[in-house]
Amino acid sequence: MLFCITGNGKGKTTSSIGMTVRMIGTGKKVLFIQFMKGTEYSEIKALKRFPEAEVHTMGRPGFIKRNAEEEDKKAARAAWELFKEKLNEDFGLYVLDELNVAMFYELLPMDEVIETLKAAAEDHEIVVTGRYAPQEIQDLAKMVSEIVEVKHHYQEGIPAKKGIEF
């Protein structure tokens, strides 16, 4: 089954981590792949403490500002290929964090992603996160959650806080 967590609010990755912890609580393993993230934030450090969580952070440090670079495309392709390889292994949950954003920046071809997810979701539990979830992903998913920003302290000039945002 495919699950999609999208929207412009804070908490998409955090929600998928909650699902990860829940699956680990059942005694099953989780594959957690982060697209477009090259920095290991605190939540990833915490996940790596669980032997049942296999975590891969596959991107460059920083964010894509306007146009993706070749390095971004290569990292996204490597993350996608890793996911496809790992489908043959015994994971209770597959998390593809920021896959929606990777598709938004055209780092991966939409038709390939949809085709693979459609087939994989028949036999696996898969979570995709990130802003800009394409309608095709939302249509394929059995659950879509949209996290909406109502207010954020950034708007008042308050910087990100360790342990809260990273």
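Values below: all heavy atoms of this structure, side chains included; hydrogens, waters and symmetry mates excluded.
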Is it possible for you to say whether [X] and [Y] belong to one hydrophobic cluster, with membership spreading through side-chain heavy-atom contacts below 4.5 Å?
| X | Y | answer |
| --- | --- | --- |
| Ile17 | Val101 | no |
| Phe3 | Ile114 | no |
| Met36 | Ile44 | no |
| Trp80 | Tyr105 | yes |
| Leu93 | Leu47 | yes |

Closest approach of [X] and [Y], non-hydrogen atoms and distance?
| X | Y | answer |
| --- | --- | --- |
| Ser16 | Ile5 | N-CD1, 4.0 Å |
| Phe35 | Glu98 | O-CB, 3.4 Å |
| Cys4 | Ile137 | SG-CG2, 3.9 Å |
| Pro134 | Met103 | CG-CE, 3.7 Å |
| Ile24 | Ala53 | CD1-CB, 4.0 Å |
| Leu96 | Phe83 | CD2-CD1, 3.6 Å |

### Task
Name the orientation class of the two ring planes belonging to Tyr132 and Phe104 (parallel below 30°, tilted from 30 to 60°, perpendicular beyond 60°).
parallel
Looking only at atom types and distance, does a side-chain atom of [X] sit under 3.5 Å from a main-chain N or O of [Y], one as donor and one as acceptor?
| X | Y | value |
| --- | --- | --- |
| Ser15 | Lys12 | no |
| Arg60 | Gly38 | no |
| Thr116 | Val113 | no |
| Asp72 | Glu69 | yes |
| Thr57 | Lys37 | no |
| Glu165 | Lys161 | yes |

### Message
Looking at Arg77 and Glu70, is there a salt bridge between them, counting it only when a charged N and a carboxylate O are closer than 4.0 Å?
### Response
no
### Query
Looking at Lys74 and Glu71, does any basic side-chain N land under 4.0 Å from a carboxylate oxygen?
no
### Task
Check the surroundings of atom NZ in Lys84: do more than 12 heavy atoms from other residues, nucleotides or ligands lie under 6.0 Å from it?
yes
### Message
Within a 6.0 Å radius of atom CD on Glu112, are there more than 12 heavy atoms belonging to other residues, nucleotides or ligands?
### Response
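For Glu112, atom CD is crowded (more than 12 foreign heavy atoms under 6.0 Å).
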Distance from [X] atom [atom1] to [Y] atom [atom2], nearest 0.5 Å?
| X | Y | atom1 | atom2 | answer |
| --- | --- | --- | --- | --- |
| Gln34 | His56 | CD | NE2 | 11.5 Å |
| Leu82 | Ile33 | CG | CD1 | 4.0 Å |
| Asp123 | Leu87 | CG | CG | 9.5 Å |
| His152 | Asn8 | NE2 | CG | 10.0 Å |
| Leu2 | His124 | CG | NE2 | 12.5 Å |
| Phe32 | Met23 | CZ | CE | 13.5 Å |

### Query
Considering the options Val144, Asp97, Asn100, Val95, which one meets the side chain to side chain contact (heavy atoms under 4.5 Å, CB included) requirement together with Val128?
Asn100
#### Entry: Test item: side-chain donor near acceptor, Glu146 and Gln138, under 3.5 Å
no
Just wondering, do [Y] and [X] contact through their side chains at under 4.5 Å, heavy atoms?
| X | Y | value |
| --- | --- | --- |
| Asp139 | Gln135 | yes |
| Glu136 | Met110 | yes |
| Val55 | Glu43 | no |

### Worked verdict on Leu140 versus Leu117 for side-chain contact (heavy atoms from CB on, under 4.5 Å)
CA-CA 8 Å; Leu140 183 60; Leu117 288 177; 4.0 Å; yes
### Query
So among Lys86, Lys29, Lys48, which one has a side chain to side chain donor-acceptor pair (under 3.5 Å) with Glu54?
Lys86
### Message
Checking Asp90 against Lys28 for the side-chain contact (heavy atoms from CB on, under 4.5 Å) test, could you report, in this order, the C-alpha distance in whole Å, the side-chain angles of both residues, the deciding distance, and whether it holds?
### Response
CA-CA 8 Å; Asp90 187 28; Lys28 295 182 180 175; over 6 Å; no
